[in-house]
Every structure is written in structure tokens, then in C-alpha cells.
Amino acid sequence: MKLRARDSHQDLLIAADPYVTAERYKDTFGKHSPYAAGIVGIDVYFRNDNNTPIRLNPDTIRLEISLPGVERQRLEPLSPEDVADRTLLKADANPRARRPFPFPNSGNGSGKSKAWNEMDTMLRSVAVSTDVLPPLATTHGFLFFDLNHDFNAIRYAHLYIPDLAFMTNNKALFFFELDLGVAQMK
């Protein structure tokens with residue numbers, strides 16, 4: 001793994017690759033990019049060199065941003081549904097606008113457009129989708145965080161992964177903290 005943002009101990013390597021330019025999103029995300037909504041995608045790799053699977057609690061992962069002169073922020077990851085909403089739904093849509101009553105069995109039932117459903121499906125396919133890191137294997141997927149279009153903040157960010165444990169004996173692993181600022185150095 002040649003990614004600069006990484007942390008390794010207890011035979012587990014975690015590395016991260018933040019996408020902070022519009023060009024990086026084109027191949028993976030196509031026409032509708034989370035970048036346009038101010039959302040950073042971080043491709044996270046987990047290499048488990050143990051003979052035992054490791055449980056990951058994705059609900060505890062945080063992106064910690066420490067901008068100079070500003071109080072530290074701890075951002076929670078966004079779900080694929082949240083990313084699709086923020087990317088495709090118009091913020092200026094009037095929720096009080098009078099709309100016709102829906103007819104039974106009309107549409108797909110979700111109330112979302114075809115583009116939204118396609119984006120949600122695509123995001124689910126690339127997102128971190130497991131809470132088990134198999135033994136002697138590498139897995140990866142994206143985590144998404146709303147940076148409100150301030151992609152330069154990634155220079156002051158750390159990806160914090162605190163809740164990991166071996167599945168056979170429930171022994172906790174020491175937390176992982178990846179300095180994403182080093183990923184931006186050339």
C-alpha cells in the first residue's frame with residue numbers, strides 16, 4: 001500500500017485516500033458527484049494480516065478536523081442515502097408546495113427519482129459495507145463526510161477509527177488515527 005495516510009498495528013493496516021478534487025470523482029461517481037455537494041469521499045483500505053476476523057463498528061468512525069483558530073469538529077460519516085439526498089435533491093424545493101395526491105401503486109414507492117435510486121445503488125456498492133474484516137484479506141470502501149465545500153480542511157483532518165475487536169475473543173484493538181493531511185503532500 002503506497003497511500004501516505006495510514007496507521008498499522010496488531011497486524012492490521014488501515015490506509016485512506018481522500019478525494020478532494022472534482023477530477024478524482026469522475027471515474028467512480030460519474031455525472032452526479034458528491035464533490036458538487038461539498039462531500040468528501042475517503043477510500044479506506046483495511047488489510048487484516050491476522051488469522052482471526054476483526055469486527056469493525058462503522059458507527060463510531062469520525063473525521064476530526066482541527067483548523068487553526070477554530071474549535072475541533074468531529075464529523076460522523078454520511079449514509080449513501082444522505083449522500084444521494086444532498087447531491088441530487090434541490091435545497092430550494094418548497095416542501096409546502098401543493099402536490100397532487102399520489103395514486104396507489106404509482107411510481108417505485110420511494111418517492112425518489114430514477115437518478116436518485118441509481119446514485120443510491122452506486123454509492124452502496126462503493127461504500128464501506130461490512131463490519132467484519134476477514135482474516136488474511138484486504139477490503140476497502142468509501143466513507144463520506146460533509147465538508148461544506150471546504151476541501152482544504154482535509155489538510156487538518158484525521159480519520160479516527162476507535163472500535164475494533166477480534167471476533168474470536170472480543171479483545172479490543174488499539175484505536176487507529178490516520179493523518180489525512182499527509183495524503184495531500186506531494
Side-chain angles (χ1 to χ4, degrees), residues 1-8 12-48 53-65 73-89 91 108-135 137-151 153-154 157-165 167 173 175-180 183-184:
M1 296 218 177
K2 296 182 180 185
L3 300 175
R4 291 183 179 148
R6 67 168 123 201
D7 191 0
S8 177
L12 177 63
L13 169 70
I14 303 177
D17 184 16
Y19 283 32
V20 294
T21 63
E23 296 80 39
R24 294 278 324 264
Y25 286 82
K26 286 180 184 174
D27 289 339
T28 305
F29 299 99
K31 181 171 79 170
H32 300 293
S33 168
Y35 182 85
I39 296 170
V40 66
I42 302 174
D43 197 3
V44 183
Y45 293 81
F46 303 89
R47 188 176 75 203
N48 182 2
I54 295 173
R55 180 196 48 79
L56 164 70
N57 183 352
D59 295 334
T60 61
I61 295 173
R62 297 292 179 265
L63 182 64
E64 295 187 350
I65 301 173
Q73 298 177 32
R74 290 181 178 90
L75 305 177
E76 295 181 18
L78 299 171
S79 70
E81 183 178 74
D82 288 336
V83 175
D85 283 349
R86 293 172 190 212
T87 303
L88 295 177
L89 299 181
N108 60 14
S110 72
K112 309 286 183 172
S113 70
K114 178 181 176 185
W116 187 95
N117 287 318
E118 288 172 355
M119 182 171 199
D120 182 59
T121 300
M122 183 274 304
L123 290 168
R124 289 181 191 283
S125 72
V126 299
V128 171
S129 61
T130 184
D131 58 353
V132 175
L133 307 176
T138 300
T139 57
H140 81 100
F142 279 87
L143 294 169
F144 300 96
F145 299 91
D146 189 346
L147 290 183
N148 195 26
H149 299 278
D150 187 5
F151 292 96
I154 217 71
H158 289 82
L159 186 62
Y160 181 64
I161 304 172
D163 193 4
L164 297 138
M167 292 186 67
L173 280 81
F175 72 89
F176 285 75
E177 188 170 16
L178 290 75
D179 181 357
L180 299 180
Q184 301 309 303

Worksheet entry | Set of residues satisfying salt bridge (Lys or Arg N to Asp or Glu O under 4.0 Å) with respect to D43, sequence neighbours excluded | none
Worksheet item: Could you walk me through whether F151 and V40 pass the side chain to side chain contact (heavy atoms under 4.5 Å, CB included) check?
Response: CA-CA 7 Å; F151 292 96; V40 66; 4.0 Å; yes
Practice prompt. State, to 0.1 Å, how close S8 and L13 come at their nearest heavy-atom pair, and which atoms those are.
Written response: CB-CD1, 3.7 Å
Discussion item. Testing the basics here: between P77 and I61, what is the closest heavy-atom pair and its distance to 0.1 Å?
Written reply: CD-O, 3.1 Å
Worksheet item: What pairs of residues pass the salt bridge (Lys or Arg N to Asp or Glu O under 4.0 Å) test when at least one of them lies in residues 24-42, not counting sequence neighbours?
Response: D17-R24
Item to complete: Starting at CG of L178, measure out to CD1 of I14 and round the result to the nearest 0.5 Å.
Response: 6.5 Å
Worksheet entry | D163: partners by salt bridge (Lys or Arg N to Asp or Glu O under 4.0 Å), with sequence neighbours left out | R55
Practice prompt. Quick one: list whatever passes side-chain hydrogen bond (donor to acceptor under 3.5 Å, both in side chains) with R86, sequence neighbours left out.
Written response: D146
Discussion item. Are the side chains of F29 and V83 in contact, using a 4.5 Å heavy-atom criterion?
Written reply: no
Discussion item. What's the separation between atom CE in M167 and atom CG in L56, rounded to the nearest 0.5 Å?
Written reply: 11.0 Å
Worksheet entry | Partner set under side chain to side chain contact (heavy atoms under 4.5 Å, CB included) for T28, not counting sequence neighbours | Y19, V126, F142
Item to complete: Test F144 against L123 for side chain to side chain contact (heavy atoms under 4.5 Å, CB included), laying out the working first.
Response: CA-CA 10 Å; F144 300 96; L123 290 168; 3.7 Å; yes
Discussion item. Among residues at least two apart in sequence or on other chains, which ones pass salt bridge (Lys or Arg N to Asp or Glu O under 4.0 Å) with E64?
Written reply: R72, R74
Worksheet item: Who passes side-chain hydrogen bond (donor to acceptor under 3.5 Å, both in side chains) against T60, sequence neighbours left out?
Response: none
Fill in: Separation of L12 CG from F46 CZ (nearest 0.5 Å)
8.0 Å
Response to the item:
Residue set satisfying salt bridge (Lys or Arg N to Asp or Glu O under 4.0 Å) with D7, at least two apart, ordered chain then number -> none
Worksheet entry | Non-neighbouring partners of A22 that pass side chain to side chain contact (heavy atoms under 4.5 Å, CB included), sequence neighbours left out | Y35
Fill in: Sequence-distant partners of H32, side chain to side chain contact (heavy atoms under 4.5 Å, CB included), two or more places apart
T87, L88, A115, M119
Worksheet item: Do F145 and L78 have side-chain heavy atoms sitting under 4.5 Å apart?
Response: no
Worksheet entry | Spatial distance of atom NE2 (H158) from atom CG (L180) [nearest 0.5 Å] | 7.5 Å
Worksheet item: Does a side-chain heavy-atom distance below 4.5 Å link N57 with I161?
Response: no
Discussion item. Ignoring hydrogens, what is the shortest heavy-atom contact between I42 and A16? Give both atom names and the distance.
Written reply: CG2-CB, 3.7 Å
Worksheet item: Would you say L159 and L143 make side-chain contact, with heavy atoms under 4.5 Å?
Response: yes
Response to the item:
What one should report as the nearest heavy-atom pair of Y25 and P34 is CD2-CD, 3.9 Å
Item to complete: Check whether any side-chain heavy atom of P53 lies under 4.5 Å from a side-chain heavy atom of P135, and answer yes or no.
Response: yes
Practice prompt. Please name all residues satisfying side chain to side chain contact (heavy atoms under 4.5 Å, CB included) with D150, sequence neighbours left out, ordered by chain then number.
Written response: L67, N152, A153
Worksheet, complete the sentence: Minimal heavy-atom distance between A15 and L3, with the atoms involved, is CB-CD1, 3.9 Å
Worksheet item: Which pairs pass side chain to side chain donor-acceptor pair (under 3.5 Å) with one or both residues in residues 118-133, sequence neighbours excluded?
Response: D120-R124
Discussion item. To the closest 0.5 Å, what do you measure between CG (L164) and CG (N48)?
Written reply: 10.0 Å
Worksheet item: Just wondering, do I54 and V132 contact through their side chains at under 4.5 Å, heavy atoms?
Response: no
Discussion item. What I'd like to find out is whether the side chain of I39 reaches to under 4.5 Å of the side chain of L147, using heavy atoms alone.
Written reply: no
